[in-house]
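One structure is given here, and the rest of the page talks about it.
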Number of protein chains: 2
Amino acid sequence: MTGSKIVPVILAGGSGTRLWPISRDSLPKQFLGLGSPKTFYQETLLRLPEKSSGVTDPIVVTSDDFRFFARRQAAEVGVEATVVLEPARRDSAAAMIVAARIAQQRYGDDCLVLALAADHLVPDAKTFRSACLTAATVAEEGYIVTFGITPTEPRTSYGYIRPGAPLGVPGSFKVERFVEKPNRETAEGYLAEGYLWNSGNFIFPAALMIAEAEKFEPEIAAGAAEAVATATEDLGFIRLGKGAFLATPAKSIDYAVLERTDKAAVVEGRFAWSDIGSWDAVRELGTPSEEGNVTFGPVSLLDSRNAFVHSEGPLVTGIGLDGFTVIASDDAILVMPTDRSQDVKHLVAGLKAEKRNEANEHIKIHRPWGTYQTICRGERFHVKKIVVDPGAILSLQKHHHRAEHWVIVKGTAEVTLGDKVYTVNENESTYLPIGSIHRVANPGKIPLELIEVQTGSYLGEDDIVRLEDKYARV
Amino acid sequence: MTGSKIVPVILAGGSGTRLWPISRDSLPKQFLGLGSPKTFYQETLLRLPEKSSGVTDPIVVTSDDFRFFARRQAAEVGVEATVVLEPARRDSAAAMIVAARIAQQRYGDDCLVLALAADHLVPDAKTFRSACLTAATVAEEGYIVTFGITPTEPRTSYGYIRPGAPLGVPGSFKVERFVEKPNRETAEGYLAEGYLWNSGNFIFPAALMIAEAEKFEPEIAAGAAEAVATATEDLGFIRLGKGAFLATPAKSIDYAVLERTDKAAVVEGRFAWSDIGSWDAVRELGTPSEEGNVTFGPVSLLDSRNAFVHSEGPLVTGIGLDGFTVIASDDAILVMPTDRSQDVKHLVAGLKAEKRNEANEHIKIHRPWGTYQTICRGERFHVKKIVVDPGAILSLQKHHHRAEHWVIVKGTAEVTLGDKVYTVNENESTYLPIGSIHRVANPGKIPLELIEVQTGSYLGEDDIVRLEDKYARV
């Protein structure tokens, strides 16, 4: 146990194309569970060392697009998180320095920042927590400590760290050097020489990181400081100063500080870890059948081996698949030899260039108040399933071209229609004529689920006039 | 032009597992279009020689399950078909003799039967028609004439015919022998020796077929005769006598008669033809891209060649596919090397053994009055899209455990609820409480489309009490 406060900072702003079609830009992998009931972000929050070890509530750094996920998913697992919003992506250096500044403001000069990626997998939380506390004692000595992972095989998809002179705490070393992703042969050499995987998770004194950044990257340091100084609060979110942040150069914390400072240390993490950076990494987390097949969801294979099939939607069948990966969602399927997993990003770039909706958007669309999903579409009608969170309220709105029928299938709706307010219960319906001013709220304690049948000659999402909105979208 | 009447008989009772997941037992390939607006069955009807050549309205032989498809799809293309229902599958010999009997009853002893599979593809209808009339003149001379197809390559998925002595009509020959599906080498030899593909389509004098069957397969001949003699009419369908038909041995017409008679002739069909018997056969119908890829529907491929991707649902993407086939429907996906196409039937057999619904059933369920389709399902609710054909009427029914909300999104509904009958128009809704006696009809001229939201504690299809039904399902 350290004397200093440990401030967890969760970096949750990453985009999600490498695990497409399950992860997409509109809902990237940190906010998904890949079939597990908790998301990677939630698992990250639950994996933090206990408060009794001097650990504070976490600070989450993410983008505007993901603010409601970050808050709602934290609340779901009982974690009180401060959510900091970046006006744009500026890589990890700016995010890390911003987090150090906010931690310093809140918890004083000697606090430590435990900076963790929101989208990594560490099944053994207990060993992880104990490694955090070990690393904290090293950080307290004046080091920026990175978690190195004892490699289990010569992976070519990770960067490596060569440990140098041992430090006082067992399993901790000065960093001799960081190295880029190697080829297979080089990776084998690294394993023989005792290199560690660079996990990209850190713990450091807030003041030290700020000082080192000022030394090596004064522009980033100043931009981050200014973005914090000009931050505003908005519905409980901390919105960083836009002008200052946008002017801050984008650089990874590795390039900006870690590879240049003489304060870099590494703590050997003897726990299973994955950055889940591609589908072949996900495959490695599964338990293969006798034939070497790893499957999730409704799958049936004939005469196949070393296949990886993950379906969150349709039944996937295969004949004679060997070393193949098939990923299925309700609206998009990906098929490839598993060793092409690194090329998914190129495929998605192509889909974006073709302006295919499936490149970025999921069928289920998330909103501050809940979710909606198209379940059927016709020439002059459109059917959606809408889920409104307890206590949430949609904007007061009207549509010029469509009427709406709402059938409540779960929970209780409070409906405003013109100057009337009334309750609609399960197995009841209500009708909202074209042009009527209306809104729906969920006054209850359970999610409200309703089926909306829209009819009209124009059914685009943009036929909405918002007259009043709790979530500041007017 | 012949002097005899030509009676087209369409054999449309086949099951559909070889083109799974698009074709399934509940709606097999003859009643599908594989992306074309007309189905194979409809194309077959439209390909028949003109009535001015002495051709009668067609007789369709199919199973009870497909009776409404057979009638509705014929009506859609303006063809008046007599639909004959087999109580069970008994292969082609029984069907052919039954058809010959019915033709003979209707059109006399000297009529010719033109027996065609409902699920073959012949793009050039004009050449096909002229081949039919040529074959009819041969049949009139006292032959059972089979259409042989001039091979374009040494296919191993077809049976072959060795033509013997030429007959009087140019391009017609006695059959020297029929041979089974060969291996590649043998097939190459067949091509060199002038063998023809055995298309399984025939024309013959009704009386001759009956006589030959009586000679070689008296049991089948007697069973078929008895099944016709004891047939009943039901809603305009001819329902074969069940006991007699069930007792009839199952045998193909090739084994039963063609390979044994000395009256077998073959007419060389110089038209493109496919039995579309497997996905690789479907692939051959497509136009390959520069990379050799054949695609249908929403597909995006990276770095792939000789791939065949057919999607009737989700976006299908592939990386590094070479010689692979991917078939996608809304609820099931099939991935395999294209040369495994013959194994789809084994895969489907496995799915049936696993009791997977997708093995047999489509998402859209066909009923005599139209179709329905589940579009969303929850714990205590179920949403369907229902389409009612013009003039159709559902059964008078009630449910013990569910209430229903109907929102009309297209057309006009005539709703019966208890002792009231009322009209519900587009953009209107109605509510049917639990236990209420109700029915819906489409009194209009366009299809009626409605969204049904069921709510209740039990939502199984079997919670239906039918009190009265136009389609004899009470």
Basic-acidic side-chain contact under 4.0 Å: [X], [Y]:
X	Y	result
A:E361	A:R24	no
A:R356	A:E354	yes
A:D25	A:K352	yes
B:D343	B:R340	yes

For each of [options], tally heavy-atom pairs with chain A at distances under 4.5 Å, and name the one with the top tally.
options	answer
B:V316, B:V407, B:D303, B:L302	B:V407
B:I319, B:T455, B:V383, B:L321	B:I319
B:G313, B:C376, B:G350, B:S304	B:C376
B:P21, B:A328, B:G456, B:G318	B:G318

Is it the side chain or the backbone of [X] that comes within 4.5 Å of chain B heavy atoms, both, or neither?
X	value
A:D330	backbone
A:Q454	neither
A:V326	side chain
A:I451	side chain
A:E379	side chain
A:V309	neither
A:N427	both
A:L351	side chain

| In terms of heavy-atom proximity below 4.5 Å to chain A, should B:P298 be classed as side chain, backbone, both, or neither? |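 Both backbone and side chain of B:P298 come within 4.5 Å of chain A.
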| Given that the side chain runs from C-beta out, which part of B:V348 has a heavy atom under 4.5 Å from chain A: side chain, backbone, both or neither? |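 Contact with chain A is absent: no heavy atom of B:V348 under 4.5 Å.
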Between [X] and [Y], a side-chain donor and acceptor under 3.5 Å:
X	Y	value
B:T325	B:T338	yes
A:H405	A:S429	no
B:T295	B:N293	no

| task | Output the option from A:K410, A:H346, A:Q373, A:E358 having the highest count of non-hydrogen pairs under 4.5 Å with chain B. | result |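 That would be A:E358.
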| query | For the residue pair A:W279 and A:H310, does the interplanar ring angle fall in the parallel (under 30°), tilted (30 to 60°) or perpendicular (over 60°) class? | reply |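 The rings of A:W279 and A:H310 sit tilted, inter-plane angle from 30° to 60°.
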| message | Aromatic contact between B:W406 and B:H438, with the criterion being ring centroids under 6.0 Å apart: yes or no? | response |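 Yes - the distance between ring centres of B:W406 and B:H438 falls below the 6.0 Å cut-off.
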